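One structure coming up, written as structure tokens, with questions to follow.
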Amino acid sequence: MQNIFDCFAHSAERFPSQVAVELQRRHTVEQMTYCELADVSERATAFAADLGCRPGDRCAILAENDARWLGIYLGLLRLGAVAVPL
């Protein structure tokens, strides 16, 4: 059975240069491609693992609502941790 990260990783492989996330700001629209989002999630996975996070651990996310937040969320899922949005 696939999980959310597996579905994302499959899309990132198929459409690396396509826009994955758009965030409307007051005067602009921020965009992040699947490749960029995958990079953020890989770095988040490594960072959490370096801090001692393991599969099944609960990890809080306290951050602004943007594409990087989603990358961190996906990184925690990739690690097998439980993301806890605050």
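Small disclaimer: the values here were computed from a predicted structure and weren't measured.
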Where is the tightest heavy-atom contact between L79 and A48, given as atom of each residue plus distance?
->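 Looking at all heavy atoms of both residues, the shortest contact is CD2-CB, 3.8 Å.
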Give every donor-acceptor pair under 3.5 Å between a side-chain atom in residues 51-59 and any protein atom, sequence neighbours left out.
{"from": "R54", "atom 1": "NH1", "to": "A49", "atom 2": "O", "distance (Å)": "3.4"}
{"from": "D57", "atom 1": "OD2", "to": "R54", "atom 2": "N", "distance (Å)": "2.8"}

Rest of the hydrophobic cluster containing V19 (Ile/Leu/Val/Met/Phe/Trp/Tyr, side-chain heavy atoms under 4.5 Å)?
-> none
More than 12 foreign heavy atoms under 6.0 Å from CZ of R68: is that the case here?
->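 Incorrect, the count does not exceed 12.
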Kindly compute the distance separating OG1 (T33) from CD (Q18), expressed to the nearest 0.5 Å.
-> 9.5 Å
Between D6 and Q2 the two heavy atoms that sit nearest each other are OD2-CA, 3.8 Å
Is there a donor-acceptor pair closer than 3.5 Å between any side-chain N or O of T28 and the backbone N or O of Q24?
->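 The answer is no, because no donor-acceptor pair under 3.5 Å joins these two groups.
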Taking ILVMFWY side chains as joined if any heavy atoms are under 4.5 angstrom apart, and letting links pass through other members, which residues group with I4?
->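 Its cluster mates, by chain and number, are F5, F8, F15, V21, M32, Y34, L37, V40, I61, W69, L70, I72, Y73, L74, L76, L77.
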Flag if over 12 foreign heavy atoms under 6.0 Å of CD, E64 | no
Shortest non-hydrogen pair, R25 vs E30, comes out as NE-OE2, 2.9 Å
